[in-house]
K.L.:
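Encoded as structure tokens, here's the structure I'll be asking about.
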Amino acid sequence: MSVLDELAGGLVVSCQPLPDDPDDPMRDPYVQARVAAAVVRGGAVAVRANGPADIRAIRAAVEVPVIGLYKHGSADVFITPTAAHAVEVALAGAEIVAVDATHRPRPDDRSFADTVRALRDRTAALVLADVATVAEGVAAVEAGADAVATTLAGYTSASPCSDGPDLALVDRLSATVPVPVIAEGRYRNAEQIRRAFAAGAHAVVMGNAITSPLWLTRRLVAATAAAS
């Protein structure tokens, strides 16, 4: 059974501090490992984690698959932006490596296919292509991706931005590519999760709405009388 089969029909929880807040108190590998252990106890079928230190700590704390990535730099492509980052993520213990597979230029001037080849040559990790469009998903599969995720829908110039998840992209990708489609990006409640599976998702990723007290509190405080 492939590690992707273990994700089928389940909820993947992203355990990451806020990338745009360097003072997020959750920015600690031990803390993220405890959060990961809690969500797995609650039923998460896998954990998505950022950076070698967090991946190693989480890998030691849970037995479910870890989807690893490496957020680095300030360029448009910052989710596992280079082949070297991808290999480092796999060597830290991630069974699946998430890589930006959009059509934007990569900082190492290599293609997504080059990154896939580097992972194949040096590791046994599977490759999850984070995309924003159907065309990017198709190209990623042709380049060797084992699965695609809608992670970047709404975050590039090629994709419309909305407050909620891009369920239409899940539907179109599921009908187009022959690999599992992971629904990710702005999933915040059970109804959205159900709709993603109805659209053909293999699994659904939820992050801040579960694992970020800072993000949750800011959204709720914005609705208080004091804020208005």
Side-chain angles (χ1 to χ4, degrees), residues 3-21 24 26 32 35-50 58 62 64-67 69 79 96 98 101-102 128-134 136-137 140 147-156 158-225 227-228:
V3 66
L4 285 168
D5 294 330
E6 299 181 46
L7 275 57
L11 178 67
V12 178
V13 178
S14 182
C15 298
Q16 302 179 43
L18 290 183
D20 58 351
D21 193 327
D24 185 348
M26 302 288 284
Q32 292 302 319
V35 172
V39 300
V40 170
R41 186 174 180 84
V45 297
V47 172
R48 182 165 164 132
N50 171 39
I58 289 170
V62 303
V64 300
V66 173
I67 301 172
L69 61 143
I79 295 178
I96 303 171
T102 62
L128 175 62
D130 285 348
V131 303
T133 68
V134 173
E136 289 168 351
V148 297
T150 60
T151 313
L152 292 168
Y155 298 107
T156 75
S159 59
C161 185
S162 64
D163 183 61
D166 193 336
L167 291 158
L169 180 58
V170 175
D171 181 69
R172 293 197 301 274
L173 278 170
S174 298
T176 304
V177 298
V179 300
V181 174
I182 311 297
E184 181 173 7
R186 302 181 299 281
Y187 284 87
R188 294 165 185 158
N189 58 57
E191 179 57 27
Q192 291 170 337
I193 292 173
R194 283 190 286 267
R195 291 177 66 191
F197 282 118
H202 181 77
V204 179
V205 179
M206 185 179 284
N208 290 337
I210 297 175
T211 60
S212 178
L214 177 54
W215 181 88
L216 281 164
T217 304
R218 282 175 176 169
R219 284 180 66 92
L220 295 171
V221 165
T224 64
S228 60

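Side chains are part of it too, since the values below use all heavy atoms of this structure and drop only hydrogens, waters and symmetry mates.
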K.L.:
State, to 0.1 Å, how close F197 and A201 come at their nearest heavy-atom pair, and which atoms those are.
P.N.:
CD2-O, 3.3 Å

K.L.:
State, to 0.1 Å, how close V13 and A44 come at their nearest heavy-atom pair, and which atoms those are.
P.N.:
CG2-CB, 3.8 Å

K.L.:
Heavy atoms only: give me the nearest P65-V45 pair and the separation to one decimal.
P.N.:
CD-O, 3.3 Å

K.L.:
To the nearest 0.5 angstrom, please state how far the CD atom of E184 sits from the CG atom of D166.
P.N.:
13.0 Å

K.L.:
To the nearest 0.5 Å, what is the distance between CG on L11 and CD1 on I193?
P.N.:
5.0 Å

K.L.:
Are R186 and Y155 in a cation-pi contact, defined as NZ or CZ under 6.0 Å from the six-membered ring centre and within 45° of the axis?
P.N.:
yes

K.L.:
With L173 as reference, evaluate V181, T133, I182 under the side chain to side chain contact (heavy atoms under 4.5 Å, CB included) test and give the passing residue.
P.N.:
V181

K.L.:
Report the distance from atom SG of C15 to atom CD1 of I67, rounding to the nearest 0.5 Å.
P.N.:
11.0 Å

K.L.:
Hey, does L7 have a side-chain heavy atom less than 4.5 Å from the side chain of P180?
P.N.:
no

K.L.:
Looking at R188 and D163, is any side-chain nitrogen of the basic one under 4.0 Å from a carboxylate oxygen of the acidic one?
P.N.:
yes

K.L.:
How far does CZ of R48 sit from CG of L128, to the nearest 0.5 angstrom?
P.N.:
6.0 Å

K.L.:
Quick one: does any side-chain atom of Q32 pair with a main-chain N or O of Q16 as donor and acceptor, under 3.5 Å?
P.N.:
yes

K.L.:
Of the non-hydrogen atoms in P17 and D24, which two are nearest, and what is the gap between them?
P.N.:
CA-OD2, 3.5 Å

K.L.:
To the nearest 0.5 Å, what is the distance between CH2 (W215) and CG (L220)?
P.N.:
8.5 Å

K.L.:
Heavy-atom distance under 4.5 Å between the side chains of L214 and D21, does that happen here?
P.N.:
yes

K.L.:
Are any non-hydrogen side-chain atoms of P213 and L216 less than 4.5 angstrom apart?
P.N.:
no

K.L.:
If I compare all heavy atoms of G154 with all of S159, which pair ends up nearest, and what's the gap?
P.N.:
N-OG, 2.8 Å

K.L.:
How close do S174 and G200 get, counting heavy atoms only, and between which atoms?
P.N.:
OG-O, 3.2 Å

K.L.:
Side chains of R218 and L18: closer than 4.5 Å at any heavy-atom pair?
P.N.:
yes

K.L.:
Is the shortest heavy-atom distance from the side chain of I96 to the side chain of V66 under 4.5 Å?
P.N.:
no

K.L.:
State, with a plain yes or no, whether a side-chain heavy atom of V47 is found less than 4.5 Å away from one of V64.
P.N.:
yes

K.L.:
Knowing that exactly one of V170, D130, V205, V204 qualifies, which makes a side chain to side chain contact (heavy atoms under 4.5 Å, CB included) with T150?
P.N.:
V170

K.L.:
For V148, is there any backbone N or O sitting under 3.5 Å from a side-chain donor or acceptor partner on H202?
P.N.:
no

K.L.:
Rounded at 0.5 Å granularity, tell me how far CD in E136 sits from OG1 in T102.
P.N.:
5.0 Å

K.L.:
Could you tell me if the side chain of L152 sits less than 4.5 Å from the side chain of I79, heavy atoms only?
P.N.:
yes

